[in-house]
J.: 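What follows is a single structure, and I will ask about it in a moment.
Heavy atoms only: backbone and side chains are in, while hydrogens, waters and symmetry mates are out. Predicted model only: the values in this text are computed from it and were never measured.
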2 protein chains.
Amino acid sequence: MTAVLVVDDDPHLLRALRITLQAHGYTVTTAVDGTSALLAATQNPLSLIILDLGLPDIDGTRVLKELRGFSSAPVLVLSARHGSEDKVEALDAGADDYITKPFGLDELLARLRALLRRSVEPEHEAVVRTDAFTVDLAKHRVTRDGADVRLTPTEWKILEVLVRNPEKLITQQQLLSRVWGPAYAKETNYLRVYMAQLRRKLEPDTASPRHLLTEAGIGYRFMP
Amino acid sequence: MTAVLVVDDDPHLLRALRITLQAHGYTVTTAVDGTSALLAATQNPLSLIILDLGLPDIDGTRVLKELRGFSSAPVLVLSARHGSEDKVEALDAGADDYITKPFGLDELLARLRALLRRSVEPEHEAVVRTDAFTVDLAKHRVTRDGADVRLTPTEWKILEVLVRNPEKLITQQQLLSRVWGPAYAKETNYLRVYMAQLRRKLEPDTASPRHLLTEAGIGYRFMP
DNA sequence: AACAATCCTGACAGTTCCTTAACGCGGCCC
DNA sequence: GGGCCGCGTTAAGGAACTGTCAGGATTGTT
């Protein structure tokens, strides 16, 4: 799933871009000014950003620099300004491409493909260890005593939610909703089955688990 | 030392580019047609290639595709043609940027900086070995028992994505999106067919693969 | 125009995974 | 103590997924 953020203050252009991009299989989020763009960029993991420089609140170059402070996603700049100083400024501020309005949608899509071809998925070291097993969130891998532990997709999803919130109590409803979807909040049966399987695969002593703990009546908790 | 290859059949432009680039600290080699460009690209390790599409001997898009067969250096295309079909064709053939003549030298330099900012160290020996086969990512070659293994373009793309992320689980959607494009995220049977072919060509025992592993319901993983 | 290589497509069998139900256990309240 | 509720455990049927093969479509080349 390729996630694209489109930032433009023109609602018509924004709508056209969203429809076109979605039709080509991208997941699209939008923003109409710099403030909401920066907010959206912090909240969603993005593969690419399309940024109009002429925003109502913040100068486009400024948005770019802010963005570069925390994101390395490729940025394709749209602008009505054809001057080469503008292009140089934007490109040196961190933009990866710059096209001027009006532009052809097929050219935009082609440049977008070219940028995405280069981009590597941001993989931050995310390894969580316990004395019994190790979870590598980036590689999607669990090892125990040096050997790989095979987890089914559902087992992994549950473990991932718990491990990403160490020591924190996750309610059954939260788990069910994140793994099976919001409609399954009543199926606590599922959790019992899968927690048992996870413990059998990961806990040294299944009868008295030390890392995958039950909070009776509420939910589960992962302790490193 | 940043090495740039400039390919153009206009000696004046070629000279102007060489002087400008050298003045900005780049090491420049030049070529005036497609044949010599391909030759020069095989002989020197390059950080970036500036390619004019209007070459006397070979069609520019063709040069691009040949180039992509053995080099992953970023390519900035120069062209006198403004049509969007030309741009789309070049970008999809492997170009990373496309600017039309006449262009400003400062814009060219800015785009060049943007491309180089993204690029990883050029052509450094990227060889991944397993006990069954060897993959040379830079040279685009796979050998097994000392003999070359012939891979089709699609087979190579899949293998490349997996090998560039050793031990990491790559989801079917990621693979499909990077090999066929974001719109093909549902066509999982493509993967089944090509993974089978890759295993037949690379795995000693196709029935129990040791390096190209399946994670049922999620994706595939390469283990060195 | 014919050929070769590659890619796509659909079907089948074998495997893995999810769901469901049943039962035992322990704690809690009446 | 008996009944109730929530949790852990296990097993089996069915659904979903994967590996495999072959024929046809497509592309590029001579």
J.: Do the charged groups of A:Asp97 and B:Arg111 touch, with an N to O distance under 4.0 Å?
T.: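 Looking at B:Arg111 together with A:Asp97, the answer is yes, because their closest N to O distance falls below 4.0 Å.
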J.: Could you tell me whether B:Thr188 contacts a base, only the sugar-phosphate backbone, or nothing, with contacts defined as non-hydrogen atoms closer than 4.0 Å?
T.: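 Answer is nothing: B:Thr188 stays at 4.0 Å or more from every strand.
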J.: Salt-bridged, A:Arg118 to A:Asp96, with N to O below 4.0 Å?
T.: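 Salt bridge between A:Arg118 and A:Asp96, a charged N being under 4.0 Å from a carboxylate O: no.
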J.: What's the closest nucleotide to the B:Arg62 side chain, out of D:dC7, D:dT29, D:dG8?
T.: D:dT29
J.: How long is the line joining OH of B:Tyr220 and P of D:dC17, in whole Å?
T.: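 Between P of D:dC17 and OH of B:Tyr220: 12 Å.
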J.: Show the atom names and distances, to 0.1 Å, of all donor-acceptor pairs under 3.5 Å that link a side chain in residues 208-219 of chain A to residues at least two apart or in another chain.
T.:
unit_1   : atom_1 : unit_2   : atom_2 : d
A:Ser208 : OG     : A:Asp205 : OD2    : 2.9
A:His211 : NE2    : A:Asp131 : OD1    : 2.8
A:Thr214 : OG1    : A:Arg199 : NH2    : 2.7
A:Glu215 : OE2    : A:Arg221 : NE     : 3.1
A:Glu215 : OE2    : A:Arg221 : NH2    : 3.1

J.: Starting at the 5' end of DNA chain D and moving along, which residue's nearest nucleotide shows up first, B:Ala207 or A:Ile218?
T.: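 Taking each residue's closest nucleotide, the earlier one in sequence belongs to A:Ile218.
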J.: Donor-acceptor check, side chain of B:Gln174 to backbone of B:Thr171, threshold 3.5 angstrom: yes or no?
T.: yes
J.: Starting at CG of B:Leu202 and ending at P of D:dG19, how long is that distance when rounded to a whole Å?
T.: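 Checked: the CG to P distance equals 15 Å.
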J.: In whole angstrom, what separates A:Leu212's CG from D:dC7's P?
T.: 16 Å
J.: Take atom CG of A:Leu191 and atom P of D:dG6, then tell me their distance rounded to the nearest Å.
T.: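 Atom CG in A:Leu191 sits about 14 Å away from atom P in D:dG6.
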J.: Figure out the CD1/C1' separation between B:Ile158 and C:dT6, and round it to whole Å.
T.: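 Atom-to-atom, B:Ile158 to C:dT6, this comes out as 13 Å.
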J.: Taking A:Ala147's backbone N and O only, do any of them form a donor-acceptor pair with A:Asp145's side chain (distance below 3.5 Å, no angle check)?
T.: no
J.: For every nucleotide of nucleotides 13-29 of chain C, 5' to 3': is a protein heavy atom under 4.0 Å from its base (B), only from its sugar-phosphate (S), or from neither (-)?
T.: ---SSBBBB--------
J.: How far does the helix from C:dA1-D:dT30 to C:dC30-D:dG1 bend, going by the axes of its first and last five pairs, to the nearest 10°?
T.: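 If I round to tens, the end axes sit 30° apart.
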J.: Which pair of non-hydrogen atoms, one from B:Ala41 and one from B:Leu46, has the smallest distance, and what is that distance?
T.: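 Reported closest heavy-atom pair: CA-CD1, 3.8 Å.
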J.: Salt bridge between B:Arg81 and B:Asp86, side-chain N to carboxylate O under 4.0 Å?
T.: yes
J.: Could you tell me whether B:Trp180 and B:Tyr194 have their ring centroids closer than 6.0 angstrom?
T.: yes
J.: In whole Å, I'd like the distance from the CG atom of B:Leu176 to the P atom of D:dT18.
T.: 11 Å
J.: Tell me whether the OP1 or OP2 atom of D:dG8 has a side-chain N or O from A:Thr214 closer than 4.0 Å.
T.: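 Yes, because at least one side-chain N or O of A:Thr214 sits under 4.0 Å from OP1 or OP2 of D:dG8.
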J.: Indicate yes or no: at least one non-hydrogen side-chain atom of B:Ile158 is less than 4.5 angstrom from one of B:Leu198.
T.: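 Yes - at least one pair of side-chain heavy atoms lies under 4.5 Å apart.
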J.: Provide, to the nearest angstrom, the distance between the NZ atom belonging to A:Lys186 and the C1' atom belonging to D:dG6.
T.: 16 Å
J.: Could you tell me the separation between the CD atom of B:Gln172 and the P atom of D:dA16, rounded to a whole number of Å?
T.: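 So the two atoms are 15 Å apart, to the nearest Å.
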